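Below is one structure, written out as structure tokens; the observations come after it.
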Amino acid sequence: MAKQIFINLPVKDLKKTMEFFEKLGFTFNMQFTDDKAACMIIGENIYAMLLLEKFFKTFTNKEIADAKKTTEVLIAIDAESKKSVDEMIKKAVEAGGSTYRNPQDNGWLYGHSFADLDGHQWEVLYIDKEKMPKE
């Protein structure tokens, strides 16, 4: 079983991308951050490696997807409440991101989503376990 998760995402401008995510409340592990890559802390043992596109290409022989035109991946993260979901989306839009879907409320599951500066899609979810349907 894995002990940590590192999501690797290509970015066009590392400094602007870091500033964007700092406005959303994320922090960075500076031990694994330099002028080519930044290690964003998402949660305990969960990280996003934000890699300049040129550096990202050294890890793959495939073309890099243009996340503003195609969906490469949906990154889902949890939030503490519906209010926290909405606050993160608001911060993302204020920082230069955009929304790409309307909020979804299923009673026990509430989510909304944003695209970051490079078009990567982030789903922010609140799960009310007490209201979850019984199997």
Side-chain angles (χ1 to χ4, degrees):
M1 201 43 95
K3 292 183 263 177
Q4 298 180 354
I5 294 175
F6 292 87
I7 302 163
N8 294 274
L9 298 172
V11 302
K12 294 187 184 326
D13 186 319
L14 187 58
K15 184 176 184 235
K16 284 183 181 177
T17 299
M18 289 177 69
E19 289 170 356
F20 172 84
F21 282 108
E22 285 171 342
K23 289 177 183 173
L24 275 61
F26 290 98
T27 59
F28 293 87
N29 180 334
M30 298 313 288
Q31 183 179 5
F32 299 105
T33 298
D34 59 22
D35 61 336
K36 296 181 288 191
C39 180
M40 184 173 79
I41 302 167
I42 296 174
E44 187 176 345
N45 300 320
I46 305 169
Y47 309 92
M49 291 301 300
L50 308 172
L51 310 172
L52 280 175
E53 286 183 349
K54 185 176 180 180
F55 185 52
F56 186 94
K57 282 189 78 62
T58 66
F59 296 96
T60 182
N61 293 327
K62 294 182 179 184
E63 290 296 315
I64 297 175
D66 182 346
K68 291 186 178 183
K69 295 180 182 177
T70 62
T71 299
E72 62 190 341
V73 65
L74 295 175
I75 305 161
I77 58 176
D78 68 333
E80 295 178 5
S81 66
K82 288 182 179 184
K83 182 179 178 184
S84 297
V85 171
D86 292 336
E87 287 173 354
M88 181 169 286
I89 301 304
K90 183 177 186 269
K91 288 177 185 177
V93 171
E94 289 173 351
S98 61
T99 60
Y100 60 88
R101 288 183 56 190
N102 290 325
Q104 305 292 310
D105 192 345
N106 297 316
W108 63 277
L109 175 66
Y110 177 76
H112 201 180
S113 39
F114 70 89
D116 65 25
L117 301 179
D118 290 282
H120 305 294
Q121 295 175 295
W122 295 78
E123 302 280 328
V124 186
L125 308 169
Y126 167 67
I127 301 169
D128 187 338
K129 292 180 182 177
E130 291 182 16
K131 292 183 181 177
M132 284 180 69
K134 306 289 186 244
E135 289 188 43

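Every value quoted in this text rests on a predicted model; they were computed, and no experiment measured them. We number each residue from 1, following the sequence as shown.
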Please tabulate, one pair per line, all N/O donor-acceptor pairs under 3.5 Å involving side-chain atoms of residues 97-104, not counting sequence neighbours.
residue, atom, partner, partner atom, Å
Tyr100, OH, Glu123, OE2, 2.6
Gln104, NE2, Asn102, O, 3.0

Contacts under 3.5 angstrom, residues 56-66 side chains, donor-acceptor by atom type, not counting sequence neighbours:
residue, atom, partner, partner atom, Å
Thr58, OG1, Phe55, O, 2.5
Thr60, OG1, Lys62, N, 3.1
Asp66, OD1, Lys68, N, 3.0

Distance-only criterion, 3.5 Å: show the donor-acceptor pairs between side-chain atoms of residues 83-90 and protein atoms not counting sequence neighbours.
residue, atom, partner, partner atom, Å
Ser84, OG, Ser81, OG, 3.0
Asp86, OD1, Tyr110, OH, 2.5
Asp86, OD2, Tyr110, OH, 3.3
Lys90, NZ, Glu94, OE2, 2.9

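Partners of Lys12 according to the side chain to side chain donor-acceptor pair (under 3.5 Å) rule, which considers only residues two or more places apart in sequence or in another chain, are Glu53. Partners of Ile7 according to the side-chain contact (heavy atoms from CB on, under 4.5 Å) rule, which considers only residues two or more places apart in sequence or in another chain, are Ile5, Leu9, Ile42, Ile75. Scored by the side-chain contact (heavy atoms from CB on, under 4.5 Å) test, Lys15 finds Asp13, Glu19 as partners (sequence neighbours excluded).
Follow the hydrophobic side-chain contacts under 4.5 Å out from Met18 and you reach Val11 in the same cluster. Both Val73 and Leu117 are members of a single hydrophobic cluster when ILVMFWY side chains are connected at heavy-atom separations under 4.5 Å. Under a hydrophobic clustering in which Ile, Leu, Val, Met, Phe, Trp and Tyr are joined whenever their side-chain heavy atoms come within less than 4.5 Å, directly or via other members, Leu74 and Met40 fall into different clusters. In the hydrophobic clustering of ILVMFWY residues, with side-chain heavy atoms under 4.5 Å counting as a link, Phe114 and Leu109 come out apart. Grouping the Ile, Leu, Val, Met, Phe, Trp and Tyr side chains by contacts below 4.5 angstrom, directly or via other members, places Tyr126 apart from Met132.
Asn29 contributes atom CG, which lies 8.5 Å from atom CE of Met49 (distance to the nearest 0.5 angstrom). To the nearest 0.5 Å, the span separating CG on Asp128 from CG on Asn106 amounts to 12.0 Å. The structure places CZ of Phe28 at 9.0 Å from CD1 of Ile41, a figure rounded to the nearest 0.5 Å.
Shown here for Lys82 and Asp105, the closest heavy-atom pair between the two residues is NZ-OD2, 3.0 Å. For Leu51 against Ala37, the heavy-atom pair with the smallest separation is CD2-CB, 3.3 Å. Contact between Lys131 and Gly107 at its shortest, heavy atoms only, is CD-O, 3.9 Å. The two residues Ala115 and Phe20 have their closest heavy-atom pair at O-CZ, 4.5 Å. Of all non-hydrogen atoms in Cys39 and Thr33, the two that sit nearest each other are N-OG1, 3.1 Å.
A donor-acceptor pair under 3.5 Å is absent between the side-chain atoms of Asp118 and the main chain of His120, judged by distance alone.
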Full working for side-chain contact (heavy atoms from CB on, under 4.5 Å) between Leu14 and Asp35: CA-CA 8 Å; Leu14 187 58; Asp35 61 336; 5.8 Å; no
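Under 3.5 Å, the side chains of Gln121 and Ser113 contain no donor-acceptor pair of N or O atoms.
Using the six-membered ring where Trp is involved, Phe26 and Trp122 have ring planes that are tilted, between 30° and 60° apart.
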